[in-house]
Amino acid sequence: MTYFQDIPKILYKGPQSSDPFTYRYYDKSRVLLGKTMAEHLRWSVCYWHSFNWPGSDVFGAGTFERPWHPGQTVTEELAEIKLNAAFDLFSKLDTPFFCFHDVDAMADFSSIKEYTANLNNIADKMARKISDTGVNLLWGTANLFGDPRYAAGAATNPDPEIFAWAAHQVRSMLEVTHQLGGANYVLWGGREGYDTILNTNLAQELDQIGRFMTMVVDHKHKIGFTGTILIEPKPHEPTKHQYDRDTATVYGFLQRYGLEQEIKVNIEANHATLAGNSFEHEIATANAFNILGSIDMNRGDPQNGWDTDQFPNNVPEMTLALYHLIKGGGFSSGGFNFDAKVRRQSIDAEDLAYAHIGGIDVLAKALINAAAIIEDGTLDSFVEDRYSRWQDAFGQQILSGELSLAEAADHSVQSNSDPKAVSGRQEYLENLINRFADGGFEGAGNA
Ligand code: XLS
Ligand code: NI
Ligand code: NI
């Protein structure tokens, strides 16, 4: 008997299926553009939203009655009940991956020694679950934001003793991630930012976190972990201003501390929109800098200015995201982690199943659409053609650095050129995409 006993194994039954416990588009072995859907999407269920969050909000207590969080201390026994339930859901959904923070899975602790013991204890049990079920770890991470000690940040804390605590958690979780065969390690700077500039030495804090990231990378190499280290950009929440606000900001940070070959980004859809960017903009930017690592899949609410972490449900929007992901070469070590939670009124075990079924079906349909856009080729050749003059001798001379500003200027005088504007054909392209992205174009692209 487990919490998910009434949930059947979810199988692909095709678009005509009206059974809510089936996949309509996620056909894991279907091949598109030379890879199976499972290989393209590499999706993952996260521990924290589905198994830890009790359904509370700032106005009210938890609404979920999960057998493993009766509102008291998490004992070894409860941690194990949760572990069994989690892997039961993973298997029923047929997900290839999961993700967790150290504190999501382990029993509660009251000292640094107990932290280490409890983490290692659950890691051993988890290793057995991984080998029994074949559900693998997409990434591990350490929670450096929940405990009150981190109120003023972890690596950016004014107190180096707190930096050391963060170092302990990250070292431990990096080693556990390595031990469990994890594909990546994520650093989300939950409180690496500030609430008021009045008490903040910004330059000092950036040097601290730059140093921290370097130490993490050094340790990764020391222990032989071959997964990718990822920073997860977010502009604010919980702090007023986070240092890793978006992909472009993170790239600047990585370059400044010489880490751009070592660390990539874990882009979250809801964080992108909170930063005032579109999700596909963040993917395209990461591609441009060659730092796309993984994706935290969710969505915000256009009327709410916070991280609502809802499951994705807009196929046309996701079609553009998948298009850019695939154009950039797709995932290598990363994947689509559902960093998403059911709503507070969705209190039943089956709600967790519906949420993930819908989420992966949206991505699968978007993948089918994106593959069709790429196979059709019209969009790709339009964009290629738009820049084709840069392939000519003059364009190449500019890009290669051969010409000075004066020489480029003289070119137009000498050739007496009179270049004219050409149409960007935005509406034509929107119509083109609509042929592939079912459900209209509203909200996609330049929304
Ligand atoms: C919070 C973040 C968090 C990270 C993991 O907004 O998305 O869930 O993904 O620490
Ligand atoms: Ni996230
Ligand atoms: Ni988030």
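Ligands are counted one by one from 1 in listed order, and the atoms in each one are counted from 1 as well.
- Between Glu80 and Lys125 there is a salt bridge, with a side-chain nitrogen of the basic residue lying less than 4.0 Å from a carboxylate oxygen of the acidic one.
- A cation-pi contact, defined as under 6.0 Å to the ring centre and within 45° of the axis, links Lys365 to Tyr25.
- Side-chain atoms of Tyr194 and Glu205 form no donor-acceptor pair, as typed in the model, at a separation below 3.5 Å.
- Gln169 meets the side-chain hydrogen bond (donor to acceptor under 3.5 Å, both in side chains) test with Asp102, Tyr150; sequence neighbours excluded.
- Around the Ni ion (ligand 2), the protein contributes the following N, O or S atoms under 2.8 Å, ordered by chain and number: Glu232 OE2, Glu268 OE1, Asp296 OD2, Asp339 OD2.
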Show the atom names and distances, to 0.1 Å, of all donor-acceptor pairs under 3.5 Å that link a side chain in residues 323-331 to residues at least two apart or in another chain.
from: Tyr323; atom 1: OH; to: Asp380; atom 2: OD1; distance (Å): 2.3
from: Lys327; atom 1: NZ; to: Asp380; atom 2: OD1; distance (Å): 3.3
from: Lys327; atom 1: NZ; to: Asp380; atom 2: OD2; distance (Å): 2.9

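- At least one cation-pi condition fails for Arg256 and Phe253: the charged atom is not both under 6.0 angstrom from the six-membered ring centre and inside a 45 degree cone around its axis.
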Verdict with supporting geometry, Lys234 and Asp307, salt bridge (Lys or Arg N to Asp or Glu O under 4.0 Å): CA-CA 10 Å; Lys234 186 173 184 179; Asp307 202 10; 2.9 Å; yes
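- With hydrogens and angles left out, the side-chain atoms of Ser333 and Thr228 include a donor and acceptor closer than 3.5 Å.
- Closer than 4.0 angstrom to ligand 1 sit non-hydrogen atoms from Trp48, His101, Trp139, Phe145, Trp188, Glu232, Lys234, Glu268, His271, Asp296, Asp307, Asp339.
- Relative orientation of the Phe98 and Phe90 rings is parallel, given thresholds of 30° and 60° on the angle between their planes.
- With rounding to the nearest 0.5 Å, the separation of CG in Leu83 from CZ in Phe100 is 9.5 Å.
- Looking at Asp307 and the Ni ion (ligand 3) together, the shortest N, O or S contact belongs to OD2.
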